[in-house]
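Remarks on the structure that follows.
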Amino acid sequence: MTRWVLHVDLDQFLAAVEQLRRPELRGRPVVVGGNGDPSSRTVVATASYEAREFGIHSGMPMRLAARRCPDAVFLPADNPTYEAASEEVMAVLREFDVVVEVIGWDEAFLQWDGTDPEALADEVRAAVRARTHLSCAVGIGDNTLRAKMATGFAKPGGVHRITAHNWFATFGDSPTGVLHGIGTKTERKLAELGIHTVTQLAEASPTAVGERLGPRMGPYYVSLGRGMGRTEMEGAAYVPRSRSRETTYDQDIDDWTRVLAEISALSVRVSADVADEGRDVARVGVKVRYAPFLTTTRSRTLDSPTRDPAVLEAAALEVAGWFRRDRPIRLLGVKAEFAEVSVGGGTLPTISERGTRSEETP
DNA sequence: TCTGGGGTCCTAGGACCC
DNA sequence: TCTGGGGTCCTAGGACCC
């Protein structure tokens with residue numbers, strides 16, 4: 001028996017769900033995102049494979065997507081429907097003899113001890129397809145990182161395995177940016193240290209990298225280069241640390257009376273989410289993005305934790321009052337950070353215990 | 001091509017206390 | 001007197017991910 005991690009990733013999830021409930025959309029370029037208006041200030045959440053052939057991909061501004069494929073079907077994101085579809089898939093996964101850790105609507109890790117992970121992957125794909133009519137790819141690894149990276153080779157709808165045996169053969173010469181957890185900024189900083197490839201990162205001194213990139217992040221990045229990841233999944237229900245709501249306006253806002261009204265409205269929405277959560281809030285934050293794209297945040301710890309909507313709104317308005325008012329605003333946001341939570345005997349860290357959290361990776 | 005929304009964790013500096 | 005060292009909390013910002 002060997003410990004395996006399977007990374008299950010649904011193909012073009014949002015577009016697939018839309019094509020499922022509207023069969024006339026099958027085979028057509030479908031773009032899901034924002035309010036469905038391709039002229040609004042939003043980005044693509046998911047593009048169907050047909051749309052990807054026009055060069056449309058997640059994160060791309062809607063306006064550009066519309067220019068690349070004017071005949072695509074543009075749909076608003078219908079989150080409740082995607083959540084429900086996701087729940088169905090996760091329920092199928094939980095029927096296997098595995099520990100399921102949900103990563104997002106369309107992704108989950110499975111922890112499994114056995115001898116033939118490909119056989120399990122095939123069973124999982126078949127079960128998901130039979131029960132939900134959705135297609136998924138499965139990456140197999142000896143830890144989370146390798147399983148996740150394997151999925152890139154498995155898409156769409158296939159299976160691929162990456163372990164310590166083929167890690168360096170597969171990624172050794174690749175740029176560090178291919179690693180899950182290293183983005184463009186970190187890739188650039190590593191390059192400044194003379195570290196360009198995965199192999200070079202693996203062989204780097206964790207301390208030296210830590211001096212440039214932080215005492216925890218430095219050694220963590222080196223571990224990524226070595227292909228290290230978790231082998232124990234978190235099977236317990238996810239407990240959120242914060243809830244937030246934010247809106248980008250199609251027209252910049254200049255009128256500060258309107259700004260405060262929007263902050264109130266956002267705080268009401270956050271309070272509703274907080275009420276659903278049934279937990280007290282310890283800190284309230286406000287985010288302001290000025291035109292053209294300058295983002296600032298301010299926050300305040302409450303005198304005592306509360307879920308009282310009136311107190312949360314008053315705090316949000318107070319914090320909003322600390323911002324400069326002399327330039328147009330394109331985005332406003334309100335965030336609530338929860339006080340400590342106890343879950344099944346254990347306690348999640350309080351806000352003030354941030355930074356002392358346990359290691360994620362060896 | 002002017003760049004969503006909802007999250008997580010880390011970093012660093014200053015306040016404050018002993 | 002111009003000089004400490006550690007520890008915790010708070011805050012703003014950074015980076016990354018789905």
When rounded to whole Å, the CE to P distance for the pair A:Met60 and B:dG5 reads 18 Å
Taking only side-chain N and O atoms of A:Arg298, does any of them lie within less than 4.0 angstrom of OP1 or OP2 on C:dA12? yes
note: A:Phe338, atom CZ; B:dG6, atom C1'; distance rounded to Å ~ 13 Å
* Is there a side-chain polar atom (N or O) of A:Arg330 under 4.0 Å from OP1 or OP2 of B:dT3? -> yes
Atom CG of A:Leu224 and atom P of C:dC17 are separated, to the nearest Å, by 10 Å
ask   = Are the charged groups of A:Asp142 and A:Arg3 less than 4.0 angstrom apart, N to O?
value = no
Does A:Lys148 reach a base, just sugar-phosphate, or nothing at all? Heavy atoms under 4.0 Å.
sugar-phosphate
Determine, for A:Asp250 against A:Arg41, whether the closest basic-nitrogen to carboxylate-oxygen distance falls under 4.0 angstrom.
no
In numerical order, the residues of residues 68-96 of chain A whose heavy atoms come under 4.0 Å of DNA chain C are none
**Message:** Is there a side-chain contact between A:Arg300 and the phosphate of C:dT11, meaning an N or O under 4.0 Å from OP1 or OP2?
**Reply:** no
- Message: Using atom P in both nucleotides, what's the gap between B:dT3 and C:dC18 to the nearest angstrom?
- Response: 23 Å
Item to complete: Inspect the contact between A:Arg226 and A:Glu203 and indicate whether a charged nitrogen and a carboxylate oxygen are less than 4.0 angstrom apart.
Response: no
| query | Which part of the nucleic acid, if any, lies within reach of A:Thr247 when heavy atoms closer than 4.0 Å are counted: base, sugar-phosphate only, or nothing? | reply | sugar-phosphate
DNA chain B nearest-nucleotide lookup for A:Leu64 and A:Ser244: closer to the 5′ end is A:Leu64
Taken to the nearest whole Å, NE2/A:His57 to P/B:dT3 is 14 Å
Between CD1 of A:Ile103 and C1' of B:dC9 the distance, given in whole Å, is 15 Å
At less than 4.0 Å, is any side-chain N or O atom of A:Arg243 found next to OP1 or OP2 of B:dG7? Yes or no.
yes
Would you indicate, yes or no, if B:dG4 has its OP1 or OP2 atom less than 4.0 angstrom from a side-chain nitrogen or oxygen of A:Arg289?
yes
pair_partner(C:dC18), Watson-Crick or wobble, both distances < 3.5 Å, evaluates to B:dG5
Under 6.0 Å from the CD atom of A:Glu24, do we count more than 12 heavy atoms belonging to anything else shown? yes
task = Check whether any side-chain nitrogen or oxygen of A:Tyr238 sits under 4.0 Å from OP1 or OP2 of B:dG7, and answer yes or no.
result = no
- Under the 6.0 Å and 45° cation-pi test, does A:Arg161 pair with A:Phe153? no
Exercise for review: For C:dG13, take OP1 and OP2 only and decide whether either is under 4.0 Å from a side-chain N or O of A:Thr297.
Suggested key: yes
Using a 4.0 Å heavy-atom cut-off, does A:Ser40 contact any base of the nucleic acid, only the sugar-phosphate backbone, or nothing at all? nothing
In whole angstroms, the gap separating P of B:dG5 from CZ of A:Arg41 amounts to 10 Å
Expected label for C:dC2 (glycosidic angle, syn inside 90° of 0, else anti) would be anti
Considering only heavy side-chain atoms of A:Arg241, the closest of C:dT11, C:dC18, B:dC9 is B:dC9
Taken to the nearest whole Å, CD/A:Glu337 to P/C:dC9 is 15 Å
**SB check A:Lys335 A:Glu246 (cutoff 4.0 Å)** = no
Notebook entry, point to check: If you measure from the Lys or Arg side-chain nitrogens to the Asp or Glu carboxylate oxygens, is any gap between A:Arg131 and A:Glu88 under 4.0 Å?
Noted result: no
message = Tell me whether the side-chain N/O atoms of A:Arg245 come closer than 4.0 Å to OP1 or OP2 in B:dG5.
response = no
When A:Glu262, A:Arg289, A:Arg330 are each screened for side chain to side chain donor-acceptor pair (under 3.5 Å) with A:Tyr249, the one that passes is A:Glu262
Problem - Under 4.0 angstrom between A:Thr301 side-chain N/O and C:dT11 OP1 or OP2 - result: yes
**Asked** Does A:Ser299 make a side-chain N or O approach to OP1 or OP2 of C:dA12 shorter than 4.0 Å?
**Response** yes
Near A:Asp173 CG, under 6.0 Å, is it more than 12 heavy atoms from other residues, nucleotides or ligands? no
### Atom CG of A:Asp97 with >12 non-hydrogen neighbours under 6.0 angstrom
no
Before accepting this row, confirm whether a basic side-chain N of the pair A:Arg307/A:Glu277 lies closer than 4.0 Å to the acidic partner's carboxylate O. no
inquiry  = Looking at A:Thr295, I'd like to know whether one of its side-chain N or O atoms comes within less than 4.0 Å of OP1 or OP2 on C:dG13.
reply    = no
message: For B:dC2, is there a stacking contact with A:Phe293, counting only centres under 5.5 Å and planes under 30°?
response: no
Closest of B:dT1, B:dC10, C:dC10 to the A:Pro61 side chain is B:dT1
**Prompt:** B:dC2 phosphate, OP1 or OP2: any side-chain N/O from A:Arg63 under 4.0 angstrom?
**Reply:** no
Residue pair A:Ser58/A:Gly218 against DNA chain B: nearer the 5' end by closest nucleotide is A:Ser58
To the nearest angstrom, the CZ-P distance between A:Arg216 and B:dT8 comes to 17 Å
Contact check, residues 177-214 of chain A vs DNA chain C, heavy-atom distance under 4.0 Å, returns A:Leu179, A:His180, A:Gly181, A:Ile182, A:Gly183, A:Thr184, A:Lys185, A:Thr186, A:Lys189
Query - Side-chain ion pair, A:Arg245 and A:Asp273, N-O less than 4.0 Å - result: yes
